[in-house]
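Below: the structure, in structure tokens.
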Amino acid sequence: MGKQPVRMKAVVYALSPFQQKIMKGLWNDLPNKIHHKISENWISATLLLGPLVGTYTYVQHYEEKEKLAHRY
């Protein structure tokens with residue numbers, strides 16, 4: 001009893017160029033979804049965005065101060 005090769009059919013998945021509803025559910029009502037997520041988790045959003053915005057403004061201020069340092 002040897003091994004017999006078996007022919008298998010390959011299944012190929014492709015998207016039709018005419019199909020436009022691939023990710024429709026993701027973009028549907030996006031502003032309300034974002035508002036709901038932020039209002040539901042505003043403490044977490046503040047703790048995430050606060051340091052990011054603070055760091056960005058600090059870097060912008062430092063760069064501006066460095067540019068003007070030679071004037072004094």
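What you see is a predicted model, and the numbers here were worked out from it, not measured in a lab. All heavy atoms count here, side chains included; hydrogens, waters and symmetry mates do not.
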List the residues meeting side chain to side chain contact (heavy atoms under 4.5 Å, CB included) with Ile34, not counting sequence neighbours, and say none if there are none.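 With neighbours one apart ignored, the set is Leu30, Ile38.
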
Practice prompt. Please name all residues satisfying side-chain hydrogen bond (donor to acceptor under 3.5 Å, both in side chains) with Asp29, sequence neighbours left out, ordered by chain then number.
Written response: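 Listed in chain order: Asn32.
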
Which pairs, with at least one residue in residues 37-48 and sequence neighbours excluded, count as a side chain to side chain donor-acceptor pair (under 3.5 Å)?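 Counting only pairs at least two positions apart or across chains, the side chain to side chain donor-acceptor pair (under 3.5 Å) contacts touching residues 37-48 are His36-Glu40.
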
Next on the checklist: Rounded at 0.5 Å granularity, tell me how far CD in Gln60 sits from CD in Glu64.
Outcome noted: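 If I round to the nearest 0.5 Å, the distance is 8.5 Å.
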
_Residues that, via side-chain heavy atoms closer than 4.5 angstrom, fall in one hydrophobic cluster with Tyr56_ =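 Listed partners: none, Tyr56 stands alone.
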
Each residue besides Met8 in its hydrophobic cluster should be listed here, by chain and number; the cluster joins Ile, Leu, Val, Met, Phe, Trp and Tyr at side-chain heavy-atom distances under 4.5 Å.
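Met8 clusters with nothing; isolated.
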
